[in-house]
Structures are given as C-alpha cells and as structure tokens.
Number of protein chains: 2
Amino acid sequence: MTSSRATIRDVAAAAGVSPTTVSFVLNDTPGQAIPEATRHRVRSAVAQLGYTPHRIARALREGSSRLVLLRAGPLRGSASMASLIAGMDEELRRHGHALIVTYGTVEAERELLEAVAPRTVLDLVRIYGSGDSPQGDGGDVDGLEAHAAVQLGHLLELGHRSIAVALPADPSFEPLSSLRRRQLEAAAARAGATAIPIIIPREPSGAALALARLRAEHPRATAIAAFNDDVAFVVLAAMHAAGLSAPDDLAVVGFDEGEHAALWNPPLSSLRIDAAEFGRRAARRALGLDTGAWQRPPSQVVRRATT
Amino acid sequence: MTSSRATIRDVAAAAGVSPTTVSFVLNDTPGQAIPEATRHRVRSAVAQLGYTPHRIARALREGSSRLVLLRAGPLRGSASMASLIAGMDEELRRHGHALIVTYGTVEAERELLEAVAPRTVLDLVRIYGSGDSPQGDGGDVDGLEAHAAVQLGHLLELGHRSIAVALPADPSFEPLSSLRRRQLEAAAARAGATAIPIIIPREPSGAALALARLRAEHPRATAIAAFNDDVAFVVLAAMHAAGLSAPDDLAVVGFDEGEHAALWNPPLSSLRIDAAEFGRRAARRALGLDTGAWQRPPSQVVRRATT
DNA sequence: CTGAAAGCGCTTACAG
DNA sequence: CTGAAAGCGCTTACAG
C-alpha cells in the first residue's frame with residue numbers, strides 16, 4: 001500500500017464532488033452558495049483521508065506562502081525575544097500562517113526569501129522601535145518607549161534625579177541605541193530629571209575610562225540606566241575594579257532581564273519584559289487584521305541588590 | 001512598464017530555444033549533448049533578463065525545496081551555535097540550498113515543515129552528540145566528545161585528579177547531559193582520574209545543597225567541570241555564598257564559552273568552541289556529499305581566574 | 001542536438 | 001448550486 005498523501009482530487013472523488021467545490025468549502029470562499037449537506041460530505045472526506053492542502057502548490061498558485069519572516073537583527077539574543085516570538089507565532093498560527101525567524105546575513109536572506117516566498121517580511125527593530133500608536137502622546141505609547149519609561153520610573157521613585165544612560169559602543173546596536181537615548185532623555189525631562197548619555201565599550205579598560213569620566217564630569221549622577229543587562233554587567237565589572245559598589249556609589253538597573261541577572265555578583269536589578277502581547281499585535285498587523293484596543297505592554301523592574 | 005519577473009519561457013524566447021533546453025543548460029542535466037554555442041546563448045539571455053528560477057515552482061515539481069531545516073532544541077542559546085550555523089549556512093549556500101533554523105515548539109514545526117517542504121531536517125542534538133566517526137576510538141572523535149576531552153584535559157594538566165562534573169537539573173537538557181557525563185567519565189578513566197557527577201539546580205538553595213554535599217561526600221574533589229557556562233555561574237554563586245573561592249577551594253571551568261565568562265566576578269575559565277567546521281561537515285553530510293578528511297574540531301580552554 | 005507535452009497540486013474566473 | 005478548464009513556473013520522460 002502506497003501511502004502517498006491525499007490530494008484535493010482524492011477528496012473530491014470520495015465526496016462525490018469536483019475539486020472546485022472542495023476548494024470552495026475548505027477556503028470558505030465568499031459568494032458561494034453551497035448547501036450544508038454538501039459541505040458536510042466534503043469535510044467528512046477530508047477527515048477520513050486525513051487530507052491537508054499542499055502548501056507549496058498553494059503558494060505557487062497564490063504567489064506567496066502563508067508564511068511570515070521575522071528579521072531578528074541585533075535583537076537576536078535578547079531575553080524578551082523568546083516571549084515575543086512565542087506570541088507572534090501563536091497568533092500567526094491561529095490564522096493559518098507560520099513564522100520563520102532569521103538571524104543570518106543579508107546574502108543568506110536573499111536565498112531564503114526566494115525559497116520560501118513569505119507573505120510578509122517583518123523587521124524586528126523597526127516594529128519594536130516604532131510601535132503603532134501616535135508618537136509623542138505623552139505616555140500612552142507602546143513597545144520600547146513604554147519599557148524605557150518603566151525602567152527610568154524605578155530610578156525616579158528611588159529619588160534619583162541625575163541619571164546616566166549607559167549605551168553600548170557596538171555600532172550594530174544602531175539605530176536602537178540612539179532611539180533609547182532619546183526616549184530616556186524625553187522621559188527624564190518630563191519628570192524634571194536629567195539624563196546623561198555615556199558610551200560603554202566592552203573592553204575593561206575602555207569601560208573603566210568611561211566610568212571615571214562620568215564620575216569626574218557629573219559628580220551628581222547617582223544612578224545608571226543601562227541599555228541592556230550586558231551593558232549593566234560591564235558597568236558593574238568596571239565599578240568593582242574601581243572599588244565602587246552598587247547602589248551606594250551608583251545604582252544600576254538593567255533592561256530586558258536575562259537569566260544571568262539574578263546570578264550576578266551582585267545580583268542585578270533589571271526590567272523584566274513580557275513581549276508576548278507585543279508579538280501577537282505585530283502578527284495581527286502583519287496580516288492586516290484589527291489589532292484591538294491597546295494595553296500597556298507588561299514590564300516591571302525586578303529589584304535586586306544594585307538599586 | 002510592468003516588471004514582473006522573467007520566467008523560463010522568457011529566457012527561451014530570448015535565446016531562441018525551448019524551455020526544455022534552458023532547463024537542461026541551467027541544471028547541467030547529465031546526458032544532454034548541448035553545444036557550447038547554444039549554452040552560451042542561453043546564459044546570455046539569463047544574464048540579460050536577470051532570470052532566476054522560481055523556487056516554489058521548482059519545489060512543487062521536485063517534491064521538496066532546496067532547503068535544510070535545523071532543529072536547535074535545547075542548544076538554542078548556546079554560544080557555539082552562531083559559528084555552527086554560520087558554517088552550515090555557508091556550505092549549504094555553496095550548493096544552492098538555504099538554511100532555516102527552528103527554535104520553536106513541535107506544533108509550530110509541523111506547520112513549518114508543510115509550508116517549506118525542506119529537503120532535509122537536521123536535529124542538532126543528534127548530529128552534535130554523535131558525530132560521524134566511529135565511536136570509542138580512543139581520542140580521534142569529533143563533536144562534543146572531543147570538546148569534553150579538551151575541557152577535562154585542562155584540569156588534568158593542572159594536576160586535578162578528582163573532578164566533579166556539574167550537570168544541570170533541567171530535564172530539557174537530556175539526552176545531552178547524560179551523554180556529557182559518560183564522555184567525561186570515560187575520559188577521566190582513561191587518564192586514571194575520577195569523575196564525580198553532581199546535579200546543580202538553578203535555585204540558589206538547591207545549588208548550595210548540592211555543593212555542600214559534594215564537599216562532604218567527596219572531600220578530595222578539587223575541581224569542577226561544568227556542563228556549560230551557566231551551570232558554572234550557578235556553581236560560582238553558590239561557592240561565593242558559602243565563602244568558598246575559585247580556584248583555591250575548587251577550580252571551576254565552563255564549557256562553550258559565552259560573552260559573560262570574561263565579565264563574571266571572578267572571570268570564568270571556559271572552553272571556547274569554534275563550531276564552523278563542524279557545521280560545514282554536517283551540511284555536506286546532509287546533502288549526501290563527501291565530508292573529506294576530518295580535522296579535530298578547534299576548541300581550547302581560555303584560562304582566567306577560576307582555574 | 002532539440003522541443004511538444006504532461007504534470008506537480010492547488011485556485012479561480014467562467015459557464016451553465 | 002456545481003464543474004471543466006486554464007494556469008501558477010518549473011522539470012523530465014518521450015519522440016524525433
């Protein structure tokens with residue numbers, strides 16, 4: 001017995017109708033008046049034969065696959081990626097689409113695009129950075145801006161008024177790091193506080209220098225809001241080397257809490273982001289669906305030893 | 001001017017031949033005696049029209065895409081993944097294939113498989129865990145086993161003879177963690193040393209308990225070979241809490257060095273793995289190509305403060 | 001040495 | 001209410 005997969009013709013034969021009718025029933029094609037009895041016969045045949053449409057054939061016919069490609073870019077390793085992807089994947093699947101995440105180079109992507117012919121290509125930095133509500137509305141914004149406000153809010157509540165914003169030196173984080181800087185500066189200004197951008201290189205010597213300069217030029221700075229946990233770790237290492245400790249000399253808070261924050265010595269306070277809802281919304285938008293009422297993205301600072 | 005993409009018929013028309021001939025030339029179909037002059041005409045037309053074969057149509061005809069799907073599984077976040085993927089991607093691309101890496105759930109994968117119809121599905125744990133040379137040949141093995149031997153060798157060279165093997169408690173690391181345990185036990189036995197497997201939970205209290213038990217039951221143990229950097233970090237945190245320090249009380253070495261090893265307090269010695277060559281070989285094997293002479297996978301311990 | 005024809009499995013005007 | 005036919009863009013027996 002050869003068990004090659006059932007085709008739409010097999011279903012048609014089993015249901016005593018034409019492939020056309022099967023297609024109409026399966027796709028709920030609008031404008032067709034097919035009686036419930038016929039629909040039922042078709043569905044039974046589908047179930048019985050275990051028929052599932054051939055996606056490649058459909059893609060050839062329709063011009064593209066029911067697939068969405070998500071370009072992770074520099075956000076690749078970020079902690080909230082997992083929840084974002086999970087949310088997006090779930091929502092996409094609910095609407096018959098599958099998600100492909102790409103981490104690779106530009107050349108590799110060209111091949112991939114040709115091979116899978118996705119319906120949509122999403123750029124994570126773009127969607128995460130911009131959100132879909134009007135910009136500059138004074139607070140009820142989404143995506144990264146809201147998260148940045150929560151991170152800063154933690155420091156503000158603790159009484160800090162002069163706050164350094166620690167950005168990575170690695171240029172591959174652009175345009176994300178500039179965006180963050182602007183968001184934090186705006187949020188600080190709204191609260192009557194000061195944000196001081198500083199660049200933190202990964203190498204210990206460079207980091208030490210950046211830290212020393214901050215201390216010298218801005219002696220009133222009492223806290224550091226880091227671009228992400230990794231930058232916070234570099235800052236913490238530089239502070240340790242300089243005989244400084246958190247939060248006494250400088251409070252430090254991370255962003256997009258990863259699994260190392262709690263393990264670090266000292267344990268790092270950081271912003272925990274659940275991006276699942278954000279992923280779901282991005283998926284709906286990509287499919288041209290209504291995104292519904294917006295809820296603030298859930299994020300909160302988990303306070304540990306460094307603030 | 002409509003710029004819909006060129007098809008094989010357009011190329012055929014431009015070259016004054018049939019689509020059949022174009023296909024034969026483009027695919028170097030064996031057994032066809034096409035004169036160089038004709039081939040040249042075809043290639044010129046291809047270049048002039050910027051023709052590139054429609055991958056979906058080809059996939060429908062051939063039954064599968066020229067695509068390889070790599071299942072990352074629990075190795076998802078591992079540091080050597082990036083180099084492995086880069087090597088695999090490069091080699092695949094050289095042979096007209098593209099790589100898709102999947103991190104998702106089983107349900108999501110089903111959809112994806114249907115949608116892209118990959119030529120091959122690779123399971124990273126399986127290929128990484130087993131390698132392709134005969135097992136148990138006493139050293140000239142590849143993949144994880146060779147790496148484990150290098151990690152242990154570092155401790156052996158430093159004079160350690162009773163070495164704990166710190167494994168994660170998370171069951172999702174199976175069967176990888178059992179495999180590693182066996183590899184390390186075998187390598188230790190060959191060197192006349194002892195390997196002591198211990199399970200390290202992620203929670204501080206559990207980790208502290210595991211550490212205390214090790215100290216009590218195996219007072220002669222002087223070193224710990226960790227399953228990966230994360231386990232090493234948990235161990236280091238537990239040691240710090242217990243007032244122990246590395247390497248004086250216990251030497252600690254990580255595995256598959258990530259970006260946090262150097263930043264940690266204290267800086268962690270760890271095994272650095274370059275898996276690009278491994279990825280290239282796995283790609284060749286997946287395509288049914290000769291894998292060539294094997295070279296030991298490059299890995300080395302970067303020594304820092306903990307050993 | 002080269003081409004007409006069939007067919008991969010769908011969807012969708014079009015006709016009745 | 002339903003179906004025959006065309007066609008998405010390829011590849012590959014088959015025939016000459």
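Letters A, B, ... mirror the listed sequences (proteins, then strands); counts begin at 1.
When the options A:Leu112, A:Leu99, A:Thr120, A:Leu122 are evaluated for a side-chain contact (heavy atoms from CB on, under 4.5 Å) with A:Leu69, the one that passes is A:Leu112.
A cation-pi contact links B:Arg180 to B:Phe255, judged by a cut-off of 6.0 Å to the six-membered ring centre and 45° from its axis.
Nucleotide C:dA4 forms a pair with no other nucleotide shown, judged by Watson-Crick or G-U wobble geometry with both contacts under 3.5 Å. Using N1 to N3 plus N6-O4 or O6-N4 for Watson-Crick, or N1-O2 and O6-N3 for G-U wobble, each under 3.5 Å, C:dA13 pairs with nothing.
Nucleic acid contact class of B:Ile34 (heavy atoms, under 4.0 Å, all strands): sugar-phosphate only.
Looking only at atom types and distance, the side chain of A:Arg71 has no donor-acceptor partner in the side chain of A:Thr102 under 3.5 Å away. A side-chain N or O of B:Asp170 and one of B:Ser172 form a donor-acceptor pair less than 3.5 Å apart. Checking B:Glu174 against B:Ser177 by side-chain atom types alone, a donor-acceptor pair falls below 3.5 Å.
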Item to check | Residue pair A:Arg280, A:Glu277: steps toward the salt bridge (Lys or Arg N to Asp or Glu O under 4.0 Å) verdict | outcome: CA-CA 5 Å; A:Arg280 274 190 289 272; A:Glu277 172 65 15; 3.3 Å; yes
Checklist entry - Hey, mind stepping through B:Glu91 and B:Arg281 against salt bridge (Lys or Arg N to Asp or Glu O under 4.0 Å) and telling me if it holds? => result CA-CA 8 Å; B:Glu91 190 70 26; B:Arg281 287 176 62 82; over 6 Å; no
Checklist entry - What string of B, S and - do you get for nucleotides 11-16 of chain C, 5' to 3', when a contact is any protein heavy atom under 4.0 Å? => result BBB---
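Both B:Leu60 and B:Val17 lie near DNA chain C, and the one whose nearest nucleotide falls closer to the 5' end is B:Val17. When the nearest nucleotides of DNA chain D are assigned to A:Pro35 and B:Arg9 by heavy-atom distance, the more 5′-ward of the two goes with A:Pro35.
Within residues 36-46 of chain B, the residues having any heavy atom under 4.0 Å from DNA chain C are, by residue number, B:Thr38.
Heavy atoms of other residues, nucleotides or ligands lying less than 6.0 angstrom from NE2 of B:His95 number more than 12.
In the set D:dC10, D:dG3, C:dG9, the nucleotide with an atom closest to the side chain of A:Ser18 is D:dG3.
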